[in-house]
Protein chains: 2
Amino acid sequence: MKINKEINCTECENQCDIFDIIKTQNDLLNKVKPIHVTFKKNDIICKQGNTVTHGIYIVSGTAKLYIEGLNNRNIILYILKPHNYVGLLSFFETPRYFYSVVALEQCKVCMVDVQFIKQLYRDNHLFLCRLNEAFGKSVASIMQKIITLNQKNIRGRFADSLLYLSQLNKNLSFNLILTRKELGELCAISEENIVRLLAEFKNEKIIDVQKKQITILDETLLRKISEVG
Amino acid sequence: MKINKEINCTECENQCDIFDIIKTQNDLLNKVKPIHVTFKKNDIICKQGNTVTHGIYIVSGTAKLYIEGLNNRNIILYILKPHNYVGLLSFFETPRYFYSVVALEQCKVCMVDVQFIKQLYRDNHLFLCRLNEAFGKSVASIMQKIITLNQKNIRGRFADSLLYLSQLNKNLSFNLILTRKELGELCAISEENIVRLLAEFKNEKIIDVQKKQITILDETLLRKISEVG
DNA sequence: ACAAAAAGTTGATTTAAAACAATGTTAGAT
DNA sequence: ATCTAACATTGTTTTAAATCAACTTTTTGT
């Protein structure tokens, strides 16, 4: 982790939602003191159980957001990409993160003191509304995740995750940034079975696998499998 | 389902959070047109997939909130009691419920047109803040549920649900309002295994079971089981 | 009061997926 | 350039929990 510098929002190359709000008010622009921080691969961006100190905005890179479960077994809930916020879900209910975020590759993030965020949503109705929308999206996807993890067999869960990753990369062919183990944590499947499923789906000509490069060959079938397992 | 009457908030015997807000403004008091509705046991209060038309507040009785999963298998997320809101989670993201609510016993609910609720949170900052807090609580408990359902064995999940029900009833001894099947849907366990677990825990003197009356005899042990399975 | 349906119980069987074990491959550190 | 640790793969075994099947008890509607 390397702190780059305290940055001025107006000169930031990657202007975020928060800036959208604060640029309308000079006093806010002077008050916000965002810092840009670079994290290396595997660096912990925030840790489950720790106090929420900053609102964190992903400027570049990719990170995994996961819950640390029992016996050191994790469940990855989402992959975070630029323009995502970290910490959204933890702002209101608890002063502590109930999940961890770790960089999957070098990540540049913008950090804004949580007190400033809180002030903003206390004072600024539009901001709270925006926060809420993003909040709602997260909840909907978590609900879906409960069903998926609980009621689909491993083929169905695996198909789901492939579709998710493809959609995240906006491409049927994508570079898998996760290890086999992490892919397992995304769909709650053991590492060994992930390897077997990759081979199985490749055999069935549903996907192509070349090391970390995955290509979905038959999206329709994949959607079918996601539904019926 | 029986519509009682359009009721006036000021004369309501069970004043809710929404009233707290609107009583401060006369124009709101005139605009809100809440209706009280009584549902019989097993009546559907709201149905997954349907349009969200009302904010629903539980005035009396008990209901189950569940996601309808695959192959007609449900997962009960919470049991709703008086002073809970239904629909909270669905307000922002989608115009449709992503879960269903069914009365477990006769339920009286107060329904407020969703347009009014939306107006309220668009105009009223305090109201949106309150909504947010409740929202946050829900998310935290759903996160917990993901871990529980996914990583605990059936003994652990079962112990969890017993503790949840005890806490809900604010008593170590409580009348189980759920059927064995529904208790299964609460912890994602088959009906048969629920029966076996009830007998098992009774044998181990952790709980007492007399038909629908369940008494937790050894809460400490139950918490231990909830942790380690 | 009675039939029918729903709920509850118990034992035997099956199965999906994890765990175990062993080994090959790759990438990063010195 | 080589050593080491992390990552990936494959076959075998185990196991936890669901499913199946058969039966009893309770509740509900007429």
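Within every chain, numbering begins at 1; the chains are lettered A, B, ... in the order of the sequence lines, protein sequences first and strands thereafter.
Separating the CD atom of A:Q151 from the P atom of D:dA17 is a distance of 17 Å, rounded to the nearest angstrom. Here the P atom of nucleotide C:dT10 and the CG atom of B:N203 are 10 Å apart, to the nearest Å.
Residues meeting the salt bridge (Lys or Arg N to Asp or Glu O under 4.0 Å) test with B:E192, sequence neighbours left out: none. In this structure, the side-chain contact (heavy atoms from CB on, under 4.5 Å) partners of A:D208, at least two apart in sequence or on a different chain, are A:K202, A:Q210, A:T215, A:L217. Applying the side-chain contact (heavy atoms from CB on, under 4.5 Å) rule to B:N74 yields the partners B:Y66, B:E68, B:E185; only residues at least two apart in sequence or on another chain are considered. Scanning for salt bridge (Lys or Arg N to Asp or Glu O under 4.0 Å) contacts around B:R196 gives an empty result, with sequence neighbours left out. Residues passing the side-chain contact (heavy atoms from CB on, under 4.5 Å) test with A:L149, sequence neighbours excluded: A:I75, A:K145, A:R157, A:A188, B:I146, B:N150.
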Protein within reach of the bases, or only the backbone? For nucleotides 3-8 of chain D, mark each nucleotide 5' to 3' as B, S or -, using heavy atoms under 4.0 Å. -----B
I need a per-nucleotide contact map over nucleotides 15-30 of chain C, read 5' to 3'. Cutoff is protein heavy atoms under 4.0 Å; write B for the base, S for backbone only, - otherwise. --SBBB-----S----
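Applying the ring pair (Phe, Tyr, Trp, His ring centres under 6.0 Å) test to pairs two or more places apart or on separate chains, none has a residue in residues 202-229 of chain A. Residue pairs that meet the ring pair (Phe, Tyr, Trp, His ring centres under 6.0 Å) test with at least one member in residues 181-223 of chain B, sequence neighbours left out, are B:F158-B:F201. Among residue pairs with one or both ends in residues 159-195 of chain B, none qualify as ring pair (Phe, Tyr, Trp, His ring centres under 6.0 Å); sequence neighbours excluded.
Of the charged side-chain nitrogens involved, none lies within less than 4.0 Å of a carboxylate oxygen, so that B:E227 and B:R223 do not count as a salt-bridged pair.
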What side-chain donor-acceptor pairs closer than 3.5 Å can you find for residues 104-112 of chain A, not counting sequence neighbours?
from, atom 1, to, atom 2, distance (Å)
A:E105, OE2, A:T62, N, 3.2
A:E105, OE2, A:T62, OG1, 2.5
A:K108, NZ, A:E13, OE2, 3.0

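Between the two ends of the helix from C:dA1-D:dT30 to C:dT30-D:dA1, each summarised by a five-pair axis, the helix axis turns through 50° (rounded to 10 degrees).
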